[in-house]
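Throughout, a chain's letter reflects where its sequence line sits, starting with A, and its residues are numbered from 1. Note that the structure is a prediction, hence the values are computed from the model and not measured.
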Amino acid sequence: MMPGNSEFGRRVLAAVRRIPAGRVATYGDIAALAGKPRAARAVGNIMRTCGEPGVPCHRVIGAGGSLGGYGGNLQVKRELLRAEGVEVGMRRVRGFEQVRWRPTPHNRRSSVR
DNA sequence: TGGTTGACGGTGG
DNA sequence: TCCACCGCCAACC
């Protein structure tokens, strides 16, 4: 049932958990963080079955800022994002590139490169 | 073991 | 800008 049992699955959930409020990430981004940049589709599948608290699956959207899906409750997903300060249009997130979450690198020789 | 499904992504028309 | 087709992957039957 829960795909989170797999290595890939748990990594995906972990990545999604790391997304801070007010920020969003694409399925592809999560997939990349999980180690498989081409597994965006698989990530969507995992999100679909995810039912775990602490996993802000509503912060995961499609590439280009498309809302993606939310188990038929897309409206809810939209409101949730707005509540966090994310401007969401009818079909796309406004300023997507600006609210897009950037994973924090572990070691950075300089804060700014 | 094999085929189908699906909260995707990118390209082309 | 929107829609259709193809390619990728993990879960399900």
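- Rounded to an integer number of Å, the gap from Asn45(A) CG to dC13(C) P is 12 Å.
- Between the side chain of Tyr27(A) and the base of dA7(B), at least one donor-acceptor pair of N or O atoms lies under 3.5 Å.
- One atom, CE of Met90(A), and another, C1' of dC2(C), lie 16 Å apart when rounded to the nearest Å.
- Within the 4.0 Å cut-off from OP1 or OP2 of dA10(C), not a single side-chain nitrogen or oxygen of Ser6(A) is found.
- If you take CZ of Arg11(A) and P of dA10(C), they are 12 Å apart, rounded to a whole angstrom.
- Residues Phe96(A) and Leu74(A) share a single hydrophobic cluster, defined by chaining ILVMFWY side chains whose heavy atoms lie under 4.5 Å apart.
- The listed nucleotides are dA7(B), dG10(B), dC9(C); the one nearest the side chain of Arg48(A) is dA7(B).
- With hydrogens and angles disregarded, a donor-acceptor distance shorter than 3.5 Å links the side chain of Arg82(A) to the backbone of Val88(A).
- The Lys77(A) side chain lies nearest to dA7(B) when the options are dG7(C), dA7(B), dA10(C).
- A donor-acceptor pair under 3.5 Å is absent between the side-chain atoms of Arg17(A) and the main chain of Pro56(A), judged by distance alone.
- For the pair Leu74(A) CG and dG6(B) P, the interatomic distance rounds to 16 Å; values are reported in whole Å.
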Check step by step if salt bridge (charged side-chain N to carboxylate O under 4.0 Å, His left out) holds for Arg23(A) and Glu84(A). CA-CA 8 Å; Arg23(A) 299 283 196 192; Glu84(A) 294 181 353; over 6 Å; no
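- Between the CG atom of Leu67(A) and the P atom of dC2(C) there is a distance of 13 Å, given to the nearest Å.
- Using a 4.0 Å heavy-atom distance criterion, Ala40(A) is classed as a sugar-phosphate-only contact.
- Taking only side-chain atoms of Tyr70(A), from C-beta outward, the nucleotide of dC3(C), dG9(B), dA7(B) with the closest atom is dA7(B).
- Taking atom CE of Met47(A) as the reference point, atom P of dG9(B) lies 13 Å away to the nearest angstrom.
- Taking only side-chain atoms of Arg91(A), from C-beta outward, the nucleotide of dC3(C), dC8(C), dA10(C) with the closest atom is dC3(C).
- Between the P atom of dC8(C) and the CZ atom of Arg41(A) lies a distance of 11 Å, rounded to the nearest Å.
- For the pair Phe8(A) CZ and dC8(C) P, the interatomic distance rounds to 16 Å; values are reported in whole Å.
- Here CD1 of Ile46(A) is found 12.0 Å from SG of Cys57(A). Values are rounded to the nearest 0.5 Å.
- Place Arg92(A) and Arg38(A) on DNA chain C by their nearest nucleotides, and Arg92(A) ends up nearer the 5' end.
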